[in-house]
Amino acid sequence: MASSDDATLDLRDFSDVYVALVAGFCTVGLTLALEYGVSVSVPFVYRLTPLVPYFGYVFSRGAGLSTRTWSVLIAAVTLGTFGFFAF
């Protein structure tokens, strides 16, 4: 039986989950927008570019930046990739 002294999972801080969701939605959205929105065939590795700032977030433990800043950076990389291949 678990005692109250055991370490419990703190579910009040969803910042990691939030950044992961933004990265996931941007990755899927980029793929769908390129394939079905503008009908451009892009190599798989370029469709994963929203994950680059996400891995930066994970491996730097946030680097002192807010969750919102990381999310905006992920969205900016996604829009930049879309703009590069769409136009």
Side-chain angles (χ1 to χ4, degrees):
M1 184 166 274
S3 67
S4 62
D5 294 334
D6 291 339
T8 58
L9 181 61
D10 185 15
L11 295 177
R12 288 175 284 186
D13 185 21
F14 285 109
S15 59
D16 291 338
V17 175
Y18 181 71
V19 174
L21 284 173
V22 169
F25 285 137
C26 283
T27 303
V28 171
L30 177 64
T31 299
L32 293 176
L34 287 171
E35 286 288 325
Y36 300 112
V38 292
S39 299
V40 175
S41 180
V42 177
F44 181 69
V45 70
Y46 294 114
R47 291 182 284 168
L48 296 178
T49 57
L51 296 180
V52 172
Y54 172 70
F55 285 128
Y57 170 78
V58 169
F59 291 125
S60 69
R61 297 286 181 199
L65 299 175
S66 69
T67 303
R68 182 174 297 195
T69 303
W70 282 105
S71 299
V72 168
L73 179 63
I74 292 168
V77 167
T78 303
L79 290 174
T81 304
F82 178 79
F84 180 78
F85 286 107
F87 300 109

Are [X] and [Y] in one and the same hydrophobic cluster, where Ile, Leu, Val, Met, Phe, Trp and Tyr link if side-chain heavy atoms are under 4.5 Å apart?
X	Y	answer
Val42	Val77	no
Leu51	Phe44	yes
Phe55	Tyr18	yes
Phe59	Tyr54	yes
Val58	Leu73	yes

If you measure from [atom1] on [X] to [atom2] on [Y], what distance do you get to the nearest 0.5 Å?
X	Y	atom1	atom2	answer
Arg68	Ser15	CZ	OG	13.0 Å
Thr49	Phe84	OG1	CZ	11.0 Å
Ile74	Leu79	CD1	CG	12.0 Å

Angle class for the Tyr57/Trp70 ring planes (parallel below 30°, perpendicular above 60°, tilted otherwise)?
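If you compare the ring of Tyr57 with that of Trp70, the planes turn out perpendicular.
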Minimum heavy-atom distance between Ala75 and Cys26, given as atom pair plus value:
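The pair with the smallest heavy-atom distance is CA-SG, 4.2 Å.
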Heavy-atom pair with the smallest gap, counting every atom of Phe82 and Val38:
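Heavy-atom minimum between the residues: CZ-CG1, 4.0 Å.
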Find out whether Thr67 and Phe14 are in side-chain contact, i.e. whether some heavy atom of one side chain is under 4.5 Å from a heavy atom of the other.
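No, side chains not in contact.
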Can you tell which of Leu34, Val28, Leu32 makes a side-chain contact (heavy atoms from CB on, under 4.5 Å) with Leu30?
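For Leu30, the side-chain contact (heavy atoms from CB on, under 4.5 Å) check succeeds only for Leu34.
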